[in-house]
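In what follows, a single structure is set out as structure tokens and then discussed.
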2 protein chains.
Amino acid sequence: MSKHVENTGTDGITSPTCAMGYAFKAIEGKWKLPVMYVLSERGAARYNEIKRELGITNMMLTNTLRDLEEYGLVNRTQYNEVPPRVEYSLTSNGYAIIPALKEFEKWGQLLLDTKEDVIQD
Amino acid sequence: MSKHVENTGTDGITSPTCAMGYAFKAIEGKWKLPVMYVLSERGAARYNEIKRELGITNMMLTNTLRDLEEYGLVNRTQYNEVPPRVEYSLTSNGYAIIPALKEFEKWGQLLLDTKEDVIQD
DNA sequence: CCGTATCCTGCCTGATACTG
DNA sequence: CAGTATCAGGCAGGATACGG
């Protein structure tokens with residue numbers, strides 16, 4: 001068994017020193033999960049690919065990718081060509097989120113199956 | 001096999017008509033997942049219990065619970081006593097997110113195990 | 001105890017322009 | 001192509017006070 005982090009109990013889940021709290025913090029923000037999902041599906045993707053796929057703005061995509069890099073979840077690979085090419089991919093730690101995403105997708109499918117009416121928004 | 005929703009491909013993941021998009025939408029915002037996690041651990045919890053556990057403000061907790069109710073993920077049970085008592089619990093659809101949360105927690109633990117230094121923040 | 005009502009800050013968006 | 005810069009506007013989220 002791996003060294004399990006003890007929960008102090010003072011602020012429980014919210015605390016980034018417990019597994020759940022750290023996970024929550026790692027994916028905080030609107031675009032972390034969607035970006036990681038795109039990368040998990042494509043293996044590697046270029047900046048503008050992600051942008052088109054998600055309909056995200058430059059600022060938010062850049063910030064999100066930077067954050068994910070800082071957490072060691074995403075790799076940035078720059079090819080010095082003309083035109084310049086930059087590819088993003090999941091690190092091994094980033095890749096490890098996929099089982100959670102799969103379960104999550106199954107859950108979303110259940111929700112869709114359960115409700116008869118479709119949200120029009 | 002259940003009726004699987006076809007992805008139009010026009011906006012892919014972002015679209016709430018695909019499983020992943022709908023799931024993303026259902027947990028959008030900072031507090032949906034933490035609240036559901038608390039409820040999954042406690043079975044049922046009172047308003048102030050959740051509040052203390054998460055360190056969340058009244059407004060955000062109320063809004064989050066209302067949203068989760070609308071999505072059919074959380075039940076609100078009011079006991080007309082003095083002092084008044086209100087308990088929240090997961091519906092069957094809400095309960096179904098637990099496997100995803102478990103995988104998610106395992107991922108958080110992996111991240112903690114991987115990095116040597118602890119975030120001081 | 002269980003919320004609602006304000007006010008305020010900061011994230012997020014959208015559009016547009018500009019650099020290596 | 002892959003960003004950075006900026007500004008306007010909207011909406012999520014936080015702090016505090018008040019009400020049923």
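Chain identifiers are assigned alphabetically (A, B, ...) following the order of the sequence lines, protein sequences preceding nucleic acid strands; residue numbering begins at 1 within each chain.
In this structure, B:Trp31 reaches the D:dG14 phosphate: one of its side-chain N or O atoms is under 4.0 Å from OP1 or OP2. For D:dT4, the OP1/OP2 oxygens have a side-chain nitrogen or oxygen of A:Arg66 closer than 4.0 Å. Dashed line: the shortest gap from a side-chain N or O of A:Arg76 to OP1 or OP2 of D:dG3 is under 4.0 Å.
Rounded to an integer number of Å, the gap from B:Gln78 CD to C:dC2 P is 10 Å. Separating the CG atom of B:Leu65 from the C1' atom of C:dC2 is a distance of 11 Å, rounded to the nearest angstrom. In this structure, CZ of B:Arg85 is placed 9 Å from P of C:dC2, rounded to the nearest angstrom. One can place CG of B:Asn63 at 9 Å from P of D:dG13, the figure rounded to the nearest angstrom. To the nearest angstrom, P of D:dG14 lies 12 Å from CG of B:Leu61. The separation between A:Arg46 atom CZ and D:dC1 atom C1' is 7 Å, rounded to whole Å. Residue A:Tyr88 contributes atom OH, which lies 8 Å from atom P of D:dA2 at whole-angstrom precision. At whole-Å resolution of the value, NZ in A:Lys51 and C1' in C:dC12 are 15 Å apart.
Residue contacts for B:Tyr79: at a heavy-atom cut-off of 4.0 Å it reaches no nucleic acid atom on any strand shown. A:Lys30 comes within contact range of the sugar-phosphate backbone alone, with a heavy-atom separation under 4.0 Å but no base atom that close.
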Show your reasoning for whether side chain to side chain donor-acceptor pair (under 3.5 Å) applies to A:Asn58 and A:Tyr47.
-> CA-CA 9 Å; A:Asn58 284 331; A:Tyr47 183 91; 3.2 Å; yes
Worked verdict on B:Arg46 versus B:Glu49 for salt bridge (Lys or Arg N to Asp or Glu O under 4.0 Å) = CA-CA 5 Å; B:Arg46 303 176 65 165; B:Glu49 279 184 301; 5.5 Å; no
Could you check A:Leu111 against B:Leu73 for side-chain contact (heavy atoms from CB on, under 4.5 Å), going step by step and ending with a plain yes or no?
-> CA-CA 9 Å; A:Leu111 296 190; B:Leu73 302 174; 3.9 Å; yes
What do the steps show when you test B:Leu33 against B:Ile97 for side-chain contact (heavy atoms from CB on, under 4.5 Å), and what is the final call?
-> CA-CA 9 Å; B:Leu33 246 26; B:Ile97 205 183; 3.9 Å; yes
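In summary, B:Glu53 and B:Arg42 engage in a salt bridge, as defined by a charged side-chain N under 4.0 Å from a carboxylate O. Salt bridge present: B:Glu87 and B:Arg85 bring a charged side-chain N and a carboxylate O closer than 4.0 Å.
Here D:dG13 is the nucleotide among C:dT4, C:dT6, D:dG13 with the atom lying nearest to any side-chain atom of B:Met60. Distances were taken from every side-chain heavy atom of B:Pro84 (C-beta onward) to each of C:dG3, D:dG13, D:dG20; the shortest belongs to D:dG20. Comparing D:dG3, C:dG3, C:dT13 by their nearest atom to the side chain of B:Thr62 picks out C:dG3. Of the candidates D:dA2, D:dA15, C:dC1, the closest approach to any side-chain atom of B:Pro83 belongs to C:dC1.
Between the side chains of A:Glu105 and A:Tyr37, at least one donor N or O lies within less than 3.5 Å of an accepting N or O.
With hydrogens and angles left out, the side chain of A:Asn58 and the base of D:dT4 share a donor-acceptor pair within 3.5 Å.
With the nearest nucleotide of DNA chain D identified for both A:Met59 and A:Glu87, A:Glu87 has the one nearer the 5' end.
A distance-only check finds no donor-acceptor pair linking the side chain of B:Ser89 to the backbone of B:Gly43 [under 3.5 Å].
Counting only Watson-Crick and G-U wobble pairs whose two distances sit under 3.5 Å, DNA chain D takes part in these stems of three or more pairs: C:3-20 with D:1-18.
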